[in-house]
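Along the sequence shown, residues carry numbers from 1. If you're wondering where the values come from, they're calculated on a predicted model, not measured in any experiment.
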Amino acid sequence: MQFANGDFRVESSHPISGALWPAPGAAEYAVSSRSVAIALAAKCFVPQGNEIRVVHVPSGEIVFRKGEGAAPAPEQQARQSQPASH
């Protein structure tokens, strides 16, 4: 796949589906904007046991992930570390 159109790749090990997903049945898509790539990934359906990621192509850094193996968001981590009140 060519990345002339963008520096971010939305990717998954399974075909991605969603109302905003521009390439039905594809497992990756190149995007020029980080925020658009993350919005696309966040709005996509992720079957149980799978993951969808946004990768910054030049560096290989994963800037967003959702689904199996994804780390919880920082606000979820903060809530999980607080003691339960009775």
(message) With side chain to side chain contact (heavy atoms under 4.5 Å, CB included) as the criterion, how do Val55 and Val63 come out once you've worked through the C-alpha distance, each side chain's angles and the decisive distance to 0.1 Å?
(response) CA-CA 6 Å; Val55 179; Val63 297; over 6 Å; no
(request) Mind running side chain to side chain contact (heavy atoms under 4.5 Å, CB included) on Asn50 and Ser13 for me, showing each step along the way? (result) CA-CA 7 Å; Asn50 291 292; Ser13 58; 3.7 Å; yes
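The CZ atom of Phe45 lies 11.0 Å from the OG atom of Ser12; values are rounded to the nearest 0.5 Å. Distance check: Ile52 CD1 to Lys43 NZ gives 13.0 Å after rounding to the nearest 0.5 Å. How far CZ of Arg65 is from CD of Glu51: 4.0 Å, rounded to the nearest 0.5 Å.
His56 is linked by a ring-ring contact (aromatic ring centres under 6.0 Å, His included) to Phe8, counting only residues two or more places apart in sequence or in another chain. For Ala27, the side chain to side chain contact (heavy atoms under 4.5 Å, CB included) criterion is met by no residue, not counting sequence neighbours.
Annotation for Ile16 and Glu28: closest pair CD1-N, 4.4 Å, computed over non-hydrogen atoms. Nearest heavy atom pair, residue Ala37 against residue Val31, reads N-CG1, 3.8 Å. In terms of heavy-atom proximity, Cys44 sits nearest to Trp21 at SG-CE3, 3.8 Å. Closest heavy-atom contact between Pro15 and Gly25: CB-O, 3.6 Å. The minimum heavy-atom distance between Val10 and Ala41, with the atom names listed, is CG1-CB, 4.1 Å. Leu40 and Leu20 get closest at one heavy-atom pair: CD2-O, 3.2 Å.
In this structure, the side chains of Pro47 and His14 come closer than 4.5 Å at one or more pairs of heavy atoms.
Of the possible donor and acceptor atoms, one in the side chain of Lys66 sits under 3.5 Å from a partner among the backbone N and O of Ala42.
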